[in-house]
Amino acid sequence: MSNTTVQHSTASDANKNNSDYNKAPAIFCKNLCKTFQQGEETITGLDQVTIAVDNGEFVCLSGPSGSGKTTLLNAMGGLATADSGEITLQDKRIDLLSSADRADIRLHQIGFVFQAYNLVPVLSARENVEFVMQIQGLPAEQRRQKSMAILREVGLEGMEDRRPSQLSGGQQQRVAVARAIVSDPVLVLADEPTANLDSSSATVLMDLFQSLNRDRGITFVIATHDERVIAYCKRLITMRDGKIETDNLHRRSDA
Amino acid sequence: MDLHSIATLAWRNLWRNYRRTLIMLVAVAVGAWAMIFLTAMTRGMIDNMVSSGIATLPGHIQIHHPQYRDDPNIENSMPPPDTTLLAALDSTAVERWSDRVRVSAVVASERDSRGVLLLGIDPSRALGITAADIVEGRFLQSSDDKGLIIGAKLARRLETDLGKRVVVMSQDPDNNVVDRGLRIVGIFTAKLESQEESQVYTGRDYAQKMLNMGDRISEIAVHGHDYNALATLAQDLAVAAPALELLTWTELDPFLGITQQMMDSVVFIYVLVIFSALSFGLVNTLVMAIFERTREIGLMLALGMRPISIVLQTVAEALLLLTLGLTLGNALAALTLWLLAAGIDVSAVAEGMAMIGASGQLTPSFYWQDLILANTVVFILGVLASLLPAWRASHLDPVTALTKN
């Protein structure tokens, strides 16, 4: 269980300022298997994947296309089910939950940042951030206060009323980040968040991720093959053919 | 997610592709307009047929000798109304009533002769003709007026004119031929050409004398306040005249009665046919809207939105579209009906209209129930039609949907 040892030490470092630190992993996946049928061919998405991510970690999943990064991310987020194996978020087995209950878990405990910004184009930046809270049923005033504060935090003060089409790619992705963290999730899952960004926007975004992880103790799991992103991570997990190939603490080399 | 948020999102989504929304709005508006306008015109024609038919002769209710309907002969006449019947006829439920002599007769001029219906009336309470219908000469002045009033068309047929004398022939109760030379004192026009051609009027008392009827009459015609609500009045009159036969206009003219009853079915069929055409456009619009937003719907589901909220959002879009379209359609129909309130002159086809018992002026008849029916059907079926695309949207797999371009 070298992973667990590494993770706990990493989480401990990352959560120096987090008084809510919990020794249970933020998410724990055990023996996850997933196959896809493509015509007559069976493709292995995940093959006996076991991984634990502690609270406050900043993890990158890396690997070539088709290595299983996104499949693992989708399974961790309850967006897709695995064929076998266990997924435990905090202390709850989400692989045993119904579709509706998994939706509830996504709504309250997991934040998502997708590759292609994925904002609702008819809503302003503020309304996009409020969207999750609207689904949660929070009162309008509370939604407004939280969304304004979070947009200020991600550097979008003054752009609250702009529609996505009036924002740059980097700004849109920051709105998506604001939406992902506004309900204080246990975990933020990001799938190729910098894929559509230029270098400076990618740097701004990763700086933001880093500061949120450092200052607020938010746990990040980022699927990427972007070296700019990998440079920021504290723990790098590489995947190939649905299996975990390596799992290293990146921070050690920095230390 | 609360309904206000869903409605806001639906409203904004509606205008993302405003051209498509506008086209669909126009389709719904024209459909609603067509439903209401066509229904009003058809109802107008039926009302025209009914009111023309009733006004021409039958009245809303007729009272006569029990055998008169089978054999409308002078022998099957009846005595004038007694005090009980008079009290019922003078009640507030009766708008007007007329006791009259009605026999078949022949009118002969110097040039031609025609079979007609001779009506002996009291001009003070005549039904079916008034002084306003007289275009030449004068109306009858009293119930013993010896003058004759004929229709303009009959005058042309007989090649006679105002002031000329014609011979009126009929039979008395003893089957003797009786005839009198009567001077034409007035010429009338009517909505129905058939009335102009087939009815002649003289004073009731004079007709009774001519036909040797004493004070007997052929029938009493009664007008209530609403020809669609005669049940109570008919019952009261039947109680007041137990020995006489009482018939409402639907029994006197079953064709008219059935035609009117069929109208509700006709309206419903109009509404269904027009909506069926509309529903294709509506479903297509929603399917296209959802197809274009597949990734967005996948995102919402991924963020934790419940499928029912996706259904509500899609149905809300359909409802907003229908509400707008129906409002426009209703307004358009109201405007059209207001502009045509005076009626459409169809006198060019007056003979054809007369054949179905309608006059040459077609006036739309607006009924609130038709408006409510059209709007309700479109709303309910519109929501049902939107459920299929809504259900499909709510069952998208978020992972697959998020990868769509």
Side-chain angles (χ1 to χ4, degrees), chain A residues 34 36 45 70-81 97-124 127-140 143 163-165 176 179-180 182-183 185 189 191-192, chain B residues 1-21 285-286 288-314 316-318 320-321 391-405:
Chain A
K34 175 89 177 173
F36 301 99
T70 300
T71 308
L72 178 58
L73 217 59
N74 288 340
M76 289 170 119
L79 283 171
T81 52
L97 297 177
S98 66
S99 171
D101 287 339
R102 277 188 283 121
D104 218 40
I105 290 285
R106 291 199 298 273
L107 180 60
H108 292 97
Q109 299 192 47
I110 301 174
F112 289 96
V113 180
F114 300 99
Q115 178 179 337
Y117 321 143
N118 281 317
L119 299 176
V120 181
V122 293
L123 300 180
S124 68
E127 289 167 331
N128 263 288
V129 175
E130 284 188 23
F131 187 74
V132 172
M133 294 184 283
Q134 274 187 330
I135 304 173
Q136 289 174 339
L138 262 60
R143 290 200 308 254
R163 293 269 176 101
S165 58
R179 183 183 61 199
V182 74
S183 53
L189 302 172
D191 189 7
E192 303 282 6
Chain B
M1 202 166 185
D2 60 87
L3 286 176
H4 178 259
S5 304
I6 286 173
T8 306
L9 204 53
W11 175 255
R12 292 189 191 174
N13 280 329
L14 204 58
W15 297 104
R16 281 165 80 159
N17 191 330
Y18 67 92
R19 281 195 193 91
R20 187 172 60 211
T21 299
T285 300
L286 292 174
M288 283 306 296
I290 286 163
F291 180 74
E292 287 169 2
R293 298 205 304 267
T294 300
R295 199 168 71 177
E296 202 174 303
I297 292 166
L299 169 75
M300 291 175 178
L301 291 168
L303 292 177
M305 194 174 196
R306 290 293 171 90
I308 185 67
S309 296
I310 303 285
V311 171
L312 287 175
Q313 196 183 311
T314 312
E317 270 181 59
L320 288 169
L321 192 64
W391 185 86
R392 287 181 62 178
S394 70
H395 282 72
L396 285 172
D397 171 37
V399 174
T400 313
L402 278 166
T403 59
K404 296 278 182 197
N405 289 317

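Order of the sequence lines sets the chain letters (A, B, ...), proteins ahead of strands, with each chain counted from 1.
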Trainee: For chain A, which candidate among B:Arg306, B:Met305, B:Arg12 shows the most heavy-atom pairs at distances under 4.5 Å?
Mentor: B:Arg12
Trainee: Are there over 12 heavy-atom neighbours, none belonging to B:Trp15, within less than 6.0 Å of that residue's CH2?
Mentor: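 More than 12 heavy atoms, drawn from other residues, nucleotides or ligands, come within 6.0 Å of this atom.
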Trainee: Can you list everything that forms a side-chain hydrogen bond (donor to acceptor under 3.5 Å, both in side chains) with A:Gln109? Sequence neighbours excluded, please.
Mentor: none
Trainee: Name the member of A:Ala140, A:Ala180, A:Pro121, A:Gly111 that forms the most heavy-atom pairs with chain B at distances under 4.5 Å.
Mentor: A:Pro121
Trainee: For A:Phe112 and A:Phe114, take the angle between the two ring planes, folded into 0 to 90°, and tell me which bin it lands in: parallel under 30, tilted 30 to 60, perpendicular over 60.
Mentor: parallel
Trainee: Among B:Ser5, B:Ala302, B:Pro307, B:Gly298, who wins on heavy-atom pairs under 4.5 Å with chain A?
Mentor: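 Ranked by heavy-atom pairs under 4.5 Å with chain A, first place is B:Ala302.
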Trainee: Within this structure, what is the CG-CG distance for the pair A:Asn128 and A:Asn118, rounded to the nearest 0.5 Å?
Mentor: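 One gets 10.0 Å once the value is rounded to the nearest 0.5 Å.
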Trainee: Counting heavy-atom pairs under 4.5 Å to chain B, which of A:Arg102, A:Glu127, A:His108, A:Gln136 comes out on top?
Mentor: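 Of the options given, most contacts go to A:Glu127.
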Trainee: Start with the C-alpha gap between B:Ile297 and B:Gln313, add the side-chain angles, then the distance that decides, and say whether side-chain contact (heavy atoms from CB on, under 4.5 Å) holds.
Mentor: CA-CA 10 Å; B:Ile297 292 166; B:Gln313 196 183 311; 5.9 Å; no
Trainee: Does any backbone or side-chain atom of B:Leu301 lie under 4.5 Å from a heavy atom of chain A? Answer side chain, backbone, both or neither.
Mentor: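 Contact with chain A involves the backbone of B:Leu301 alone.
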Trainee: Between A:Ile110 and chain B, with a heavy-atom cut-off of 4.5 Å, which part of the residue counts as in contact: side chain, backbone, both or neither?
Mentor: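 Neither; nothing under 4.5 Å.
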Trainee: Find the one option among A:Gly78, A:Ala80, A:Ala103, A:Ser99 whose heavy-atom pairs under 4.5 Å with chain B are most numerous.
Mentor: A:Ala103
Trainee: When rounded to the nearest 0.5 angstrom, what distance separates CG in A:Leu73 from CG in A:Asp191?
Mentor: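 That separation rounds to 5.5 Å.
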